[in-house]
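Everything below concerns the one structure shown next.
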Amino acid sequence: MKYKAQILLAIFLVWIFALSAAKPDPNALVGKVGDREYNYKKFNDGFKAYLEYYSKGKVLTKQDSIRFNNQYWEELVGIYIYDQAIKAGKIKVTDAELEAEIKKNIPPEVKQIKDFQTNGKFDKAKYEQALKEHPEFKKQLMDYSRDLYSYNKLIKTIKNEVKANPDSVKNAWMHDNDFASAKIIYFDYSKLTNINATDDEVRAYYEEHKEEFKRENGRSYLLARFAGNLSKTENPEQQAQENKALSNTLYNRAKEVGLQQAATEMNIPLEESPYFNQQDQLIPLIGRAPDLISFAFNNPIGSIPNIFYAPTGDILVLELKSEVPEYYISFDIKKQEMAIKATRTKRMFTMDNYVQEFMRRETPETYLEAAARDSIAIIEAEKVLVDNDIKSLGKIPALNQAILNTAVGSFTPLIENEKHWYLALVTKRQQPDLTIWEKDKKQIIAAAEAKLQEDHLNQWYFEQRQKTKITDNRKDFYELQVQLKL
């Protein structure tokens with residue numbers, strides 16, 4: 001039959017194309033999804049047809065080609081995942097369903113067949129008459145529609161596994177339509193960069209918190225250090241060899257008479273490490289050395305571990321010097337940390353005093369002007385909900401709630417959160433209008449359900465993809481990244 005040949009041609013036309021010039025080994029593995037292998041010929045033929053179909057005659061850029069390559073690959077993965085779900089019985093498709101499908105959703109290619117047209121327009125009666133009179137043609141169309149119909153039914157089935165709860169949707173709508181805008185005066189102590197702790201204040205802070213640095217069961221090492229950074233010496237390679245030889249000599253002599261005596265004989269200076277305990281990751285003055293820590297707690301005082309080659313390049317010869325039942329991490333080790341904490345505390349105290357004076361001195365009418373005068377940050381906050389983050393500030397529940405509880409044109413009470421202070425002028429307020437809900441609730445619930453179902457489908461697909469064994473070698477055959485020109 002004439003139209004039979006036309007429909008077969010229309011169905012498979014998109015997959016017909018001429019072979020190009022020589023390519024990589026046609027049998028080379030481009031990818032594998034589950035048990036489906038795609039050698040170069042199979043993948044590239046499909047990809048070329050895919051490009052031809054979607055480009056619609058347009059010249060494609062390199063970015064377009066990369067995007068379509070990734071898209072084509074993901075569709076192959078998706079087809080496998082869908083086929084596996086169908087094979088596992090997640091849906092069933094009957095001939096009756098397919099027959100109804102080809103009558104309801106007629107393939108566009110079929111509508112172009114002249115035998116199904118009257119006066120240049122598609123004639124549904126002629127098409128349905130052909131289905132009745134030619135069972136083989138009907139079967140071909142049903143087979144052609146089977147995959148697409150099955151995938152659509154599968155997707156619909158998965159989406160329908162979840163339904164939106166109208167009460168939950170209403171609550172979410174009420175929440176999203178209950179918000180305010182505000183100008184927030186932000187008293188931020190970290191901006192007081194001219195306020196810093198003095199050396200005496202840093203020392204005092206350490207003494208106040210000294211018990212935090214108390215440790216039990218400490219060990220220390222006596223050590224000789226041979227510098228590893230020799231870049232500024234005249235002959236660094238020779239010096240490195242000399243250091244290695246000298247450290248070996250010292251080590252061997254220390255094994256005989258102890259490190260103190262050996263260093264004295266060889267006129268080599270010694271250092272003593274601060275105390276450390278078994279839970280430490282680092283030894284002060286030495287660095288990360290888990291083997292040395294383990295050695296210290298498994299050997300008697302006076303023991304000499306193997307020569308230690310530090311990550312810095314230094315060579316260390318050591319002797320386990322002493323042990324104590326308890327000790328304090330020294331101020332020198334903690335000085336930098338204490339300086340940071342003492343400065344932060346001083347800035348908090350200074351800002352606290354400033355805020356109290358600000359609230360005593362100023363009135364709501366002068367808050368904004370005074371804040372601007374004193375270079376205090378003023379933040380414009382749009383759509384403040386009861387529980388969302390405020391831009392530049394983060395999540396501060398007490399501030400959000402105060403803004404929502406304050407009338408337009410008024411300031412909130414002073415809000416303190418972790419030694420930051422806030423005053424907010426409410427500039428706009430919107431509250432849920434139940435008349436709008438009643439008027440639009442069907443569309444709102446439908447939209448919420450559509451999103452819920454789409455998210456459910458995406459999660460299902462993600463989980464199935466994670467379970468699927470995928471080998472992707474496309475980068476060996478195609479350029480999948482745009483090279484930036486510097």
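Side-chain atoms are counted along with the backbone in the values below, which use heavy atoms only and exclude waters and symmetry mates. These figures come from a predicted structure and were not determined experimentally.
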Does the side chain of [Y] come within less than 4.5 Å of [X]'s, by heavy atoms?
| X | Y | value |
| --- | --- | --- |
| Leu316 | Ile307 | no |
| Pro305 | Tyr251 | no |
| Pro107 | Leu141 | yes |
| Arg36 | Lys32 | no |
| Trp73 | Ile470 | yes |
| Arg344 | Lys341 | yes |
| Val33 | Thr468 | yes |
| Leu292 | Leu318 | yes |

Are more than 12 heavy atoms, taken from residues, nucleotides or ligands other than [X], located less than 6.0 Å from that residue's [atom1] atom?
| X | atom1 | result |
| --- | --- | --- |
| Glu216 | CD | no |
| Glu212 | CD | yes |
| Lys395 | NZ | yes |
| Lys183 | NZ | no |
| Lys156 | NZ | no |

Between [X] and [Y], does any side-chain N to carboxylate O distance fall below 4.0 Å?
| X | Y | result |
| --- | --- | --- |
| Glu101 | Lys104 | no |
| Arg465 | Glu74 | yes |
| Lys111 | Asp123 | no |
| Glu416 | Lys419 | no |
| Lys48 | Glu52 | no |
| Asp143 | Arg146 | yes |

Compute both the distance and the angle, then confirm whether Lys124 meets the cation-pi test with Tyr127: under 6.0 Å from the six-membered ring centre, within 45 degrees of the axis.
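Verdict for Tyr127: no cation-pi partner in Lys124.
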Lys126 charged N/C atom sitting above Phe116 aromatic ring, 6.0 Å / 45°:
no
Heavy-atom donor-acceptor pair, [X] side chain to [Y] backbone, under 3.5 Å:
| X | Y | answer |
| --- | --- | --- |
| Thr412 | Ala424 | yes |
| Asn243 | Ala227 | yes |
| Asn152 | Leu148 | yes |

For [X] versus [Y], what's the shortest heavy-atom pair and its separation?
| X | Y | result |
| --- | --- | --- |
| Lys90 | Thr157 | O-CG2, 4.3 Å |
| Ala182 | Thr427 | N-OG1, 3.7 Å |
| Ala180 | Arg429 | CB-CD, 3.7 Å |
| Glu109 | Tyr144 | OE2-OH, 3.6 Å |
| Ile403 | Ile184 | CD1-CD1, 4.1 Å |
| Ala296 | Tyr221 | N-OH, 3.5 Å |

Name all residues meeting the side-chain contact (heavy atoms from CB on, under 4.5 Å) criterion together with Glu382; count only those two or more places apart in sequence or in a different chain, and write none if there are none.
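Partners of Glu382 by the side-chain contact (heavy atoms from CB on, under 4.5 Å) criterion, ordered by chain and then number, come out as Ser181.
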Going by the rule side-chain contact (heavy atoms from CB on, under 4.5 Å), which residues pair with Lys103 if we only count those two or more places apart in sequence or in a different chain?
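side-chain contact (heavy atoms from CB on, under 4.5 Å) check on Lys103 returns Glu99, Leu131.
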Is there a donor-acceptor contact under 3.5 Å linking the side chains of [X] and [Y]?
| X | Y | value |
| --- | --- | --- |
| Asn217 | Tyr327 | no |
| Glu323 | Tyr275 | no |
| Asn69 | Arg474 | yes |
| Asp332 | Ser330 | no |
| Asp147 | Ser150 | no |
| Glu97 | Thr94 | yes |
| Asp83 | Tyr151 | yes |

When the ring centroid of [X] is compared with that of [Y], is the distance short of 6.0 Å?
| X | Y | answer |
| --- | --- | --- |
| Phe47 | Phe68 | no |
| His420 | Phe187 | no |
| Phe308 | Phe295 | no |

Interatomic distance, Arg215 atom CZ to Phe276 atom CZ [nearest 0.5 angstrom]:
14.0 Å
Using 30° and 60° as the class limits, which term best fits the ring planes of Tyr38 and Phe43: parallel, tilted or perpendicular?
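It falls in the perpendicular class, over 60°.
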With sequence neighbours left out, write down each residue that passes side-chain hydrogen bond (donor to acceptor under 3.5 Å, both in side chains) with Asp387, or none if nothing qualifies.
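For Asp387 the side-chain hydrogen bond (donor to acceptor under 3.5 Å, both in side chains) partners, ignoring immediate neighbours, are His175.
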